[in-house]
Amino acid sequence: MRVTRFPLSTTRETPADAEIVSHQLMLRAGMIRRLSAGLYTWLPLGLRVLQRVERIVREEMDRAGALEVLMPAVQPAELWQESGRWEKYGPELLRIQDRHERDFCFGPTHEEVITDLFRREIRSYRQLPVNYYQIQTKFRDETRPRFGVMRAREFLMKDAYSFHLDDAGLEAEYQAMRETYTRIFERTGLAFSAVEADTGAIGGSVSHEFMVLADSGEDAIAACEASGYAANVELAPAPPPEQPRPAPGEALQEVATPGQRTIAEVADHLGIPASRHVKTLLVEGAEGGLVALLLRGDHELNELKAEKHPAVAAPLTLAGAERVEAELGCPLGSLGPVGLQGVALIADHAAAQAADFVCGANREGYHLIGVNWGRDLPEPETADLRTVEAGDPSPDGGGPLAIRRGIEVGHVFQLGKTYSEAMGATVLDEAGQERTVTMGCYGIGVSRVVAAAIEQNHDERGIRWPEPIAPFQVALVAIKPEQPDVAEAAEALYAELMASGLDVLYDDREARPGVKFADMDLIGIPHRIVISPRALQQDTVEYKRREDAEATAVDRSEIVTWLKNRTTR
RNA sequence: CGGGGUGUAGCUCAGUUUGGUAGAGCACUGCCUUCGGGAGGCAGGGGCCGCAGGUUCAAAUCCUGCCACCCCGACCA
């Protein structure tokens, strides 16, 4: 491709509303343009990258035996009413009406459509297992789209759905998909990690997320280097400490803490570290009353764990200050488990381990110190309620956990029978009996992979594409192309490179060298060849990788072989 | 949805306080000089100042309403 036929539309200035580096660079490089909140046009340069990712995904899905389909983006409400999600999904579902005032939605996902397809097409266990996938535009009406295509409303997703007679079949396909995803992300050239994950509102039992590792990632991962354990911090268990609880050493005492509300303030005031405090969080209980969740002062409540506790109402709802004052007669900052009337207590394992601890006195302006379980108040019911932290022991006993940031680019689920039951997806088994099938589903955020790749691979000059997804492999820059000998040599080399199957962007503009170098660096092409009058005299050209500081002189006659030995696709 | 902010050239922004001929840099077009890391000069093109009302001799500027976008929070198969 010639730059004179491929408008680059790069900019030097960073658009004001782009916050993260991938968004900034995608705009500056001329990959995408915003049309409206969360809606982006992919320009030719950006689309090339998107299609590189798509190609890898498609090849690996095909290799794994999945079958590509293409389902409608717009879906009739009836299917969603059948699964129950028309009511449950909420405002993130874009609902639309046609001219007959029939209800439709723009698909945020396709479980309903695929399950409907399956029940119409597949009759017999002998046709199982089957795995259908598509690469489709989805729409989710996010309350706050941001970060460019990282969290857009409309985005490109690969979604796959598998159907099985039994759990063993599902399990096998699930493992096959995990391996396929691993191969896909290895092929993109990104550093990633597969982590245990929550199944969320989609239901199901087992799931893994594929995370591209990047400091700007919105998700936190708990990982143990020694054992290879990795999980979303939402999910990573914090088991009870192994050491026994220390014996009480202090007497219970009430102390004045006027105006002190937060743990930090009280800790500072009393000179007792936050780790020896127990904080009391009141949430709505499953039966309607209030439930007190007790955590060590330096620990953080894990909302997901809390709302899974049978005594706690889901979704987790913190009791408001007014309600607490009305029912318990003290402000939130003075709550404590001692003598708390009519409220069930659930203590995190670490909080239950505390001795001689500090807590609120249930009286404004006072705290208790030297508090001990079993002596000053009954032994509590315990549960895992906190979010793990760096340094916590790995749940598999493998050593300390580290916390890393990641961008979720893929998610695999064992869905089970949620949709097949609701929608009557059955096959006849060997005995001629009708059996409800069990399902898996497997997603990859294709457009998000592009943004994640940039988050992970950039420098002050621009993007540094991993070669497998780069828009071009080789940048060919002619310096002084207005000189006939340069133009001639450049044209000849361009033709030769194209003929050898390399994907080349030939900068044949009559621009200053600095402009061309800056553009090629910004758009991140992995290999660069420069043809100049100077080099031509030596019968050489210059070669440089995007990440190199210095160029190498290579004999003109050897450059194609040289490149062939250094490119990877 | 709550709180805060911004809408002026393709982009980044001045100008609004105190009403009086709509600006700069980048980008774009032409010419000249320059030519190995985003050059310089000269000359140009490009604006319903978000939209609709209102006040005024006169509105980018003041008033009212609406719309769009951004940030923080809540939310988030």
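Chain naming here is simple, since letters A, B, ... match the order of the sequence lines and numbering starts at 1 in each.
As rounded to whole Å, 17 Å separates atom C1' of B:A77 from atom CD of A:Q414. Per the geometry, CD belonging to A:E510 stands 13 Å off P belonging to B:C32, to the nearest Å. Taking atom CZ of residue A:R461 and atom P of nucleotide B:G38, one finds them 12 Å apart after rounding to whole Å. Atoms CG (A:L304) and P (B:C76) sit 10 Å apart, rounded to a whole Å. One can place CD of A:E460 at 16 Å from P of B:G37, the figure rounded to the nearest angstrom. Whole-Å rounding puts the A:E142 CD to B:C75 C1' distance at 9 Å. In this entry the distance linking NE2 of A:H411 with P of B:C76 reads 16 Å, nearest Å. To the nearest angstrom, P of B:A77 lies 15 Å from CD of A:E112.
With sequence neighbours excluded, the residues that form a side-chain hydrogen bond (donor to acceptor under 3.5 Å, both in side chains) with A:D103 are A:Q97. For A:F185, the ring-ring contact (aromatic ring centres under 6.0 Å, His included) test picks out A:F192, A:F210, with sequence neighbours left out. Legend: residues meeting ring-ring contact (aromatic ring centres under 6.0 Å, His included) with A:Y89, ordered by chain and number and at least two apart, are A:W80.
Note on A:R464 versus A:E547: no salt bridge recorded, every NZ/NE/NH1/NH2 to OD/OE distance being 4.0 Å or above. Salt bridge status for A:E112 with A:R119: absent, with no side-chain N to carboxylate O gap under 4.0 Å. For A:R140 and A:E154, the salt-bridge test fails: no basic side-chain N is under 4.0 Å from an acidic carboxylate O. A salt bridge does not link A:R556 to A:D539: none of the charged nitrogens lies less than 4.0 Å from a carboxylate oxygen.
Phosphate contact (OP1/OP2 of B:A39, side-chain N/O of A:R512, threshold under 4.0 Å): present.
Between B:C35, B:G37, B:A77, one nucleotide has an atom nearer to the side chain of A:F517 than all others, and that is B:G37. Nearest nucleotide to the A:T10 side chain, out of B:G38, B:G37, B:A77: B:G38.
The gap from the P atom of B:G19 to that of B:G30 amounts to 44 Å, rounded to the nearest Å. Comparing the same atom, P, in B:C62 and in B:G15 gives a spacing of 12 Å after rounding to whole Å. Nucleotides B:G65 and B:C70 have their C1' atoms positioned 22 Å apart, rounded to a whole Å. Distance check on atom P: B:U8 versus B:C69 gives 14 Å, rounded to whole Å. A gap of 46 Å separates the C1' atoms of B:G4 and B:G41, to the nearest Å. The separation of B:A60 from B:A22, taken at their P atoms, amounts to 8 Å, rounded to a whole angstrom. Across B:C66 and B:G7, the matching C1' atoms stand 14 Å from one another, rounded to whole Å. Taking the C1' atoms as reference points, B:U21 lies 43 Å from B:G37, given to the whole Å.
In a base pair of the Watson-Crick type (N1 to N3 plus N6-O4 or O6-N4) or a G-U wobble (N1-O2 and O6-N3), with each distance short of 3.5 Å, B:G37 is matched with no nucleotide.
Residues of residues 538-552 of chain A having a heavy atom closer than 4.0 Å to RNA chain B, listed by number: A:E542, A:K544.
Between the side chains of A:D159 and A:Q134, at least one donor N or O sits under 3.5 Å from an acceptor N or O. Using modelled atom types and a 3.5 Å distance limit, the side chains of A:E455 and A:S22 yield a donor-acceptor pair.
Within 4.0 Å of A:K480, counting heavy atoms only, lie sugar-phosphate atoms of the nucleic acid but no base atom. The residue A:R509 sits apart from the nucleic acid: no heavy atom pair falls under 4.0 Å. Among the protein residues, A:E92 comes within range of the sugar-phosphate backbone only, with heavy atoms under 4.0 Å from sugar or phosphate atoms but none that close to a base. Within the 4.0 angstrom heavy-atom criterion, base atoms lie near A:M157. A:L522 comes within 4.0 angstrom of a nucleotide base, judged by non-hydrogen atoms across all strands. If you check every strand for non-hydrogen atoms under 4.0 Å, A:P91 touches nothing.
Checking A:A518 against A:D159, the closest nucleotide of RNA chain B that is more toward the 5' end is the one next to A:A518.
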With side-chain hydrogen bond (donor to acceptor under 3.5 Å, both in side chains) as the criterion, how do A:E171 and A:H164 come out once you've worked through the C-alpha distance, each side chain's angles and the decisive distance to 0.1 Å? CA-CA 9 Å; A:E171 177 65 29; A:H164 311 274; over 6 Å; no
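With hydrogens and angles ignored, a donor-acceptor pair under 3.5 angstrom links the side chain of A:R151 to the base of B:C76. Donor-acceptor pairing under 3.5 Å, judged by distance alone, is absent between the side chain of A:R12 and the base of B:G37.
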Contact pattern, 5' to 3', of nucleotides 68-73 of chain B - B, S or - by protein heavy atom under 4.0 Å: -SSSBB
Below 3.5 Å, can you tabulate the donor-acceptor pairs from side chains in residues 34-45 of chain A to any protein atom, sequence neighbours excluded?
none

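No side-chain heavy atom of A:E92 sits under 4.5 Å from any side-chain heavy atom of A:T143.
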